[in-house]
Amino acid sequence: MECTIRSQNAEIKRLKSGEEFEALKKTHQKEMAEMGRKLAKSEAENAALHAQIIDNRNKWMEVNEDVVKEKEEALAAKDKELEKMRQKLYETERKLDEARDELREEKKRTYEALTEVEDLQGQILKLTARLSKDYTNSSKPSSADPNHKKIPNSRESTGRKPGGQPGHPHHPRKRLEPTKTVEIPAPEEYANNTDRYLPTGRMVTRQLILLYVKADAIDYCTREFIDLQTGKTVHAAFPAGVDNDVNFDSTVKAAALLLNAQCNVSIGKTQKFLKEISDGAIDMSTGMICGLSAEFSAKTEEERQQIFNDLLNQPVMHTDFTFGRVNGTQGAVIICDANGLVLYQGREKKGHEGIKGSPVELYKGTLVCDHDPAFQRYGNGHQECMSHVLRYLTGSIENEPDRTWNKDLRTLIREMIHANNEAREKGEALEEAQIEQFEAKFKETVASGMEEYEYIPPSEYYRDGYNLAKRLHENPEDYLRFLRNPNIESNNSAAERDARKFKRKAHQVMSFRSQEGMNHFCDGLTIMQTLEASGENLYKAIASRFDNVAVTAGAE
C-alpha cells in the first residue's frame with residue numbers, strides 16, 4: 001500500500017510540475033505539424049484528384065453527350081422507323097380487319113350457299129322421289145301410270161314355245177247343236193277319179209256359229225169399260241212390270257246394266273249397241289238406262305244386308321278405300337272382301353267418317369288392310385299388306401342408298417312370303433322354330449334401322465323410310481300375323497282387285513253426277529262381284545233380281 005501511495009504521489013508531483021504536459025505538448029505539436037504536412041499533401045493530392053475527376057467528368061460528359069446524341073439520333077431514326085412500321089402495322093391491321101370482314105361475309109355467303117345447296121338437294125331428292133314414285137316403290141297403283149313398263153310375273157322361263165305342248169290333251173271349242181246343215185259337194189277331181197281317190201266313208205265337219213239378237217214383243221190386251229156414274233174408264237190390271245205403253249223386261253234390263261256397270265260402256269254407247277244389235281228393235285232411252293242402277297239397288301237391298309251380316313261372321317276380312325269423283329269433287333268407296341263376299345259402299349270421305357256404317361265398324365276379327373291409321377282402331381287384329389311394305393322398302397333403297405336395313409329387310413320379307421306361300425300350297429303350316437327365327441330376324445333388322453336413323457337422322461325432305469321403320473318397330477305383330485295363321489294372306493290383293501273394278505268405271509265416267517248415283521253403282525257392283533265369285537251365270541242372275549226372285553247371297 002505504501003508503495004502504491006509513493007508511486008501515486010510521484011505521479012502527482014510530476015503532473016504538477018508540468019514536465020509531462022510540456023512533453024506531451026511538444027509531442028502533440030510534432031504530431032500536429034506532421035499531420036498538417038500530411039493534410040497539405042493530402043489536400044494537394046485531393047485537389048489534383050478533384051481536378052482529374054472534373055477533367056474526367058468533363059470528358060465523360062462530352063463522351064456521354066456524344067453517345068447520348070448518337071443514341072438520340074439512333075433512337076430518333078428507330079422511332080421514325082418504328083412509326084413507319086406502326087403505320088404499316090395499322091394499315092396491315094386495317095387491311096386484316098377488312099379481310100376478316102370480307103372473309104366473314106364470304107363465310108356467311110358460303111354458309112348460306114351451302115344451306116341453299118343442301119335445301120335444293122333435299123328438294124331435288126323430294127321431287128326425284130315423287131317423280132320416280134310408281135307401282136314398284138309406293139302404294140300408287142299401276143293403272144295410275146299410263147306408260148308404265150311391263151309388269152313381270154314370278155314364273156320361271158322354261159324355254160318352251162307358248163301354246164300346247166306335245167302330249168297335252170286337245171281342248172277344242174265347244175260345238176253347238178246345229179240348226180242347219182250345209183253339205184259341200186265333192187269336187188269332180190276327187191269324186192270321178194276313182195283310180196287315185198277313194199272315199200273313206202267319213203264326213204269332215206266344221207261348224208260356223210252365228211249370233212242373232214231376236215226381240216220378242218208381247219202385247220197384253222184387255223177390254224175397257226166406262227163407269228156411267230163417274231165417267232171414268234176402267235180395265236183389268238196388267239201384270240207387274242207392265243206399267244207403260246212400251247216396257248222392257250228383266251232380260252233387256254240385265255243386258256243394259258251389264259254393259260253399263262260391268263263392262264263399263266257409257267250410257268249412250270249402251271243405247272246405241274242394243275239398238276244396232278237388235279236391228280232397231282230395242283231402243284231404250286238414256287234416262288231409263290241411267291235409272292237401272294237405282295232400280296237394281298232397290299231390288300237387292302235385302303241381299304246386300306245379308307252380305308253385310310255374313311261379312312261380320314268371317315274370321316278374316318280384307319278392306320280398302322278407293323276414290324272417285326262426284327260432281328267435280330273427290331268421293332271415296334270402302335270395300336270389304338271375305339270368302340267370296342264383296343261389299344262396296346260409297347262415301348263422301350275416307351277415314352273414320354267413311355268407316356261409319358260399314359262392316360269394319362262392327363268387325364271383331366282380323367283386318368287385312370293397307371297402312372291407314374283409321375283401320376287401326378277397328379277389329380281385334382291387323383295384318384298390314386306386305387306387298388306395300390316391299391314397295392316402300394324399294395323406295396327407301398332408291399332414295400337412301402347409304403342405308404343397309406332397308407335392303408336386309410326387303411330380302412328377309414321376300415324370303416318369309418316365299419316360305420309361307422310354299423307351305424300354303426302344300427296345305428301345311430310353317431314350323432314354330434322357323435316362325436320364331438323369322439320374327440327374331442325381323443325385329444333385329446328393324447331395330448338396326450332405328451339405330452341407323454338415330455346415328456344419321458333422316459332428311460326433312462324424305463322421311464318415308466324413317467316413318468316405315470318406326471311403324472314396323474312399334475307394331476311388328478301387325479306385319480307378321482300371316483306367319484302363324486294360314487287363313488291370313490300376306491297382302492291385300494283381294495281388296496285391291498275389287499277396287500280396280502270401281503276404278504275402271506270411275507275412269508270411264510270421269511265424275512259421277514251425284515253421291516246417290518255412285519252409291520247405286522256400288523250397290524250393283526256388290527251383287528255382281530259376289531255373284532261372279534260364286535260362279536253363277538251373271539246375266540241370268542241379274543235378270544232374276546230384276547224379277548224380284550233373288551236368292552240371298554251366302555244363305556244355305
Side-chain angles (χ1 to χ4, degrees), residues 139-146 248 252-274 284-301 303-305 307-308 318-337 342-361 370 372 374 495-532 538 542 545-546:
S139 58
K140 185 178 181 181
S142 59
S143 58
D145 293 331
F248 296 99
V252 181
K253 293 179 179 179
L257 184 64
L258 275 174
L259 285 172
N260 179 245
Q262 181 73 4
C263 301
N264 300 324
V265 180
S266 66
I267 294 175
K269 290 183 178 179
T270 298
Q271 178 197 35
K272 184 178 180 181
F273 176 78
L274 291 176
M284 304 178 69
S285 67
T286 55
M288 183 177 184
I289 298 174
C290 184
L292 290 177
S293 292
E295 181 181 353
F296 189 73
S297 173
K299 291 180 179 292
T300 57
E301 183 176 358
E303 191 172 356
R304 294 196 311 276
Q305 185 60 46
I307 293 175
F308 186 104
H318 295 254
T319 185
D320 196 6
F321 275 108
T322 189
F323 302 97
R325 299 193 69 80
V326 180
N327 196 23
T329 61
Q330 188 182 65
V333 173
I334 186 171
I335 302 168
C336 299
D337 185 308
V342 185
L343 182 66
Y344 295 81
Q345 292 175 296
R347 294 290 186 264
E348 293 183 0
K349 297 181 180 179
K350 63 175 295 188
H352 295 293
E353 293 185 18
I355 292 176
K356 288 181 180 179
S358 71
V360 177
E361 184 181 16
D370 303 338
D372 191 328
E496 292 180 359
R497 285 192 295 266
D498 296 331
R500 294 191 191 107
K501 301 294 179 66
F502 175 83
K503 289 178 181 178
R504 293 189 185 105
K505 182 63 178 179
H507 181 72
Q508 181 259 313
V509 300
M510 298 181 69
S511 178
F512 290 92
R513 293 185 179 182
S514 65
Q515 183 67 41
E516 186 180 15
M518 187 175 75
N519 293 344
H520 290 155
F521 172 75
C522 290
D523 294 342
L525 199 58
T526 294
I527 303 301
M528 292 179 192
Q529 288 299 106
T530 303
L531 291 172
E532 190 173 7
L538 200 56
I542 292 175
R545 268 67 177 177
F546 275 114

Asks: Kindly compute the distance separating SG (C336) from CD (Q345), expressed to the nearest 0.5 Å.
Replies: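 Interatomic distance, C336 SG to Q345 CD, rounded to 0.5 Å: 6.5 Å.
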Asks: So which atom in S358 and which in I334 form the shortest heavy-atom distance, rounded to 0.1 Å?
Replies: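 So the minimum-distance heavy-atom pair works out to OG-CD1, 3.6 Å.
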Asks: At what distance, to the nearest 0.5 angstrom, does CD of E496 lie from CG of D320?
Replies: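 It is 6.0 Å, given to the nearest 0.5 Å.
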Asks: Could you tell me the separation between the CG atom of D370 and the NE2 atom of H318, rounded to the nearest 0.5 Å?
Replies: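 Between atom CG of D370 and atom NE2 of H318 there are 11.0 Å.
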Asks: Spell out, as yes or no, whether a donor-acceptor pair under 3.5 Å connects the side chain of T530 to the backbone of V342.
Replies: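 Yes; judged by distance alone, with no hydrogens or angles, the pair exists.
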Asks: N519 and G346: which non-hydrogen atoms are nearest, and at how many Å?
Replies: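 Smallest interatomic distance, heavy atoms only, reads OD1-CA, 3.2 Å.
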Asks: Using the ring of each side chain (for Trp, its six-membered ring), is F521 parallel, tilted or perpendicular to F512, with breaks at 30° and 60°?
Replies: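 Plane angle between 30° and 60°, so tilted.
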Asks: Is V509 close to K505 at the side-chain level, that is, under 4.5 Å between some pair of heavy atoms?
Replies: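 In contact.
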Asks: Is the shortest heavy-atom distance from the side chain of K253 to the side chain of M288 under 4.5 Å?
Replies: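 A side-chain contact exists here, since the closest heavy-atom pair is under 4.5 Å.
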Asks: With side chains defined as the heavy atoms from C-beta onward, is the minimum distance between Y344 and M518 less than 4.5 Å?
Replies: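 The answer is no; the side chains never approach within 4.5 Å.
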Asks: Flag the pair N264 / H507 as yes when at least one side-chain heavy-atom distance between them is below 4.5 Å, and no otherwise.
Replies: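 SC-SC contact between N264 and H507 ruled out.
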Asks: Could you tell me whether K350 and D372 make a salt bridge, using a distance below 4.0 angstrom between a side-chain N and a carboxylate O?
Replies: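 Result for this pair is yes, salt bridge flagged.
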Asks: How far apart are the closest heavy atoms of E532 and L538, and which atoms are they?
Replies: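 Scanning both residues completely, I find the closest heavy atoms to be N-CD1, 4.3 Å.
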Asks: Can you check whether I335 reaches V333 side chain to side chain, under 4.5 Å on heavy atoms?
Replies: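 They are in side-chain contact.
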Asks: Donor-acceptor pair, distance only, cut-off 3.5 Å: does the side chain of Q529 make one with the backbone of K501?
Replies: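 Answer holds: no.
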Asks: Can L257 and R545 be said to form a side-chain contact (heavy atoms from CB on, under 4.5 Å), step by step?
Replies: CA-CA 12 Å; L257 184 64; R545 268 67 177 177; over 6 Å; no
Asks: Kindly compute the distance separating CG (L343) from CD (Q305), expressed to the nearest 0.5 Å.
Replies: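 Answer rounded to 0.5 Å: 9.5 Å.
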Asks: Measure across G324 and A506 and return the closest heavy-atom pair with its distance rounded to 0.1 Å.
Replies: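 Heavy-atom minimum between the residues: CA-CB, 4.4 Å.
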Asks: Checking F273 against L259 for the side-chain contact (heavy atoms from CB on, under 4.5 Å) test, could you report, in this order, the C-alpha distance in whole Å, the side-chain angles of both residues, the deciding distance, and whether it holds?
Replies: CA-CA 9 Å; F273 176 78; L259 285 172; 3.5 Å; yes
Asks: Ignoring hydrogens, what is the shortest heavy-atom contact between N260 and S266? Give both atom names and the distance.
Replies: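 The pair with the smallest heavy-atom distance is ND2-C, 3.9 Å.
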Asks: Under a 4.5 Å cut-off applied to non-hydrogen side-chain atoms, are T526 and T300 in contact?
Replies: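 Side-chain contact under 4.5 Å: no.
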Asks: Does the E295 side chain pair with the main chain of G291, one donor and one acceptor, at a distance under 3.5 Å?
Replies: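 Between the backbone of G291 and the side chain of E295 there is no qualifying donor-acceptor contact (under 3.5 Å).
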Asks: Can you name the nearest heavy-atom pair linking I542 to L258, along with the distance?
Replies: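 So the minimum-distance heavy-atom pair works out to CD1-CD2, 3.5 Å.
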Asks: Could you check whether any side-chain heavy atom of I307 comes within less than 4.5 Å of a side-chain heavy atom of I527, counting everything from C-beta outward?
Replies: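 Contact flag for I307/I527 side chains = yes.
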Asks: Within the distance-only criterion (no hydrogens, no angle test), does the side chain of S511 pair as donor or acceptor with the backbone N or O of G328 below 3.5 angstrom?
Replies: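 Here the side-chain-to-backbone pair exists.
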Asks: How about E353 and E348: do any of their side-chain heavy atoms sit closer than 4.5 Å?
Replies: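 E353 does not reach E348 side chain to side chain.
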Asks: Measure the OG-NE2 distance between S297 and H520 for me, rounded to the nearest 0.5 Å.
Replies: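 Between S297 OG and H520 NE2, I get 4.5 Å after rounding to 0.5 Å.
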Asks: Judged by atom type as modelled, is there a donor-acceptor pair below 3.5 Å linking the side chain of Q271 to the main-chain atoms of M284?
Replies: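 A pair under 3.5 Å: yes.
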